[in-house]
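Down below is the structure, laid out as structure tokens.
Heavy atoms only: backbone and side chains are in, while hydrogens, waters and symmetry mates are out.
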Amino acid sequence: MTQLDCRATECRYNEDKMCCRAGITVEGKSAKKSDDTYCGNYEVGKDGCACNRAGEPDGVTEITCDAVHCRYNASGKCDAGSIDIANSVGVGQTKCASFAMA
């Protein structure tokens with residue numbers, strides 16, 4: 001699994017820059033730059049966190065990747081050691097700041 005640093009502070013799954021979900025999907029099938037990607041699980045609202053199977057966010061998250069042109073996409077799974085999900089404007093309101101063209 002990949003270390004995930006999440007700076008999408010308005011997301012309901014963000015707790016101290018860690019994701020409370022057991023897994024996320026980075027969307028952006030035809031992405032050529034990080035601004036073309038987004039976290040498909042982003043949800044606005046801090047009304048409680050659906051914590052992962054361990055009960056507490058640990059920073060390690062299963063990441064499915066739809067960005068086929070990213071060098072870290074290994075058959076639909078992220079194989080980067082760590083990634084950074086950041087706030088963005090536009091579609092999805094987030095981006096994978098670690099995206100790199102293959």
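For the residue pair Ser88 and Asp35, the shortest heavy atom distance occurs at OG-OD1, 4.4 Å. Nearest heavy atom pair, residue Lys29 against residue His69, reads O-CD2, 4.0 Å. Of all the heavy atoms in Ile24 and Leu4, the pair that sits closest is CD1-CD2, 4.0 Å. Pairing each heavy atom of Phe99 with each of Ala31, the nearest pair is CZ-O, 3.5 Å. For Cys19 against Thr61, the heavy-atom pair with the smallest separation is CB-OG1, 4.1 Å.
For Asp84 (side chain) and Ala97 (main-chain N/O), no donor-acceptor pair under 3.5 Å exists by modelled atom type. At distances below 3.5 Å, at least one donor-acceptor pair connects side-chain atoms of Thr37 with backbone N or O atoms of Cys96. The main-chain N or O of Ile85 is never found under 3.5 Å from a side-chain atom of Thr94 such that the two would form a donor-acceptor pair. Here the side chain of Asp36 pairs no donor or acceptor atom with the backbone of Ser30 at under 3.5 angstrom.
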Sequence neighbours left out, cut at 3.5 Å: what donor-acceptor pairs do the side chains of residues 75-83 make with other protein atoms?
{"from": "Lys77", "atom 1": "NZ", "to": "Glu62", "atom 2": "OE2", "distance (Å)": "3.2"}

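Note that CD of Glu43 is 7.5 Å distant from CZ of Arg21, once rounded to the nearest 0.5 Å.
With no hydrogens or angles considered, no side-chain donor-acceptor pair links Tyr38 and Gln93 at under 3.5 Å.
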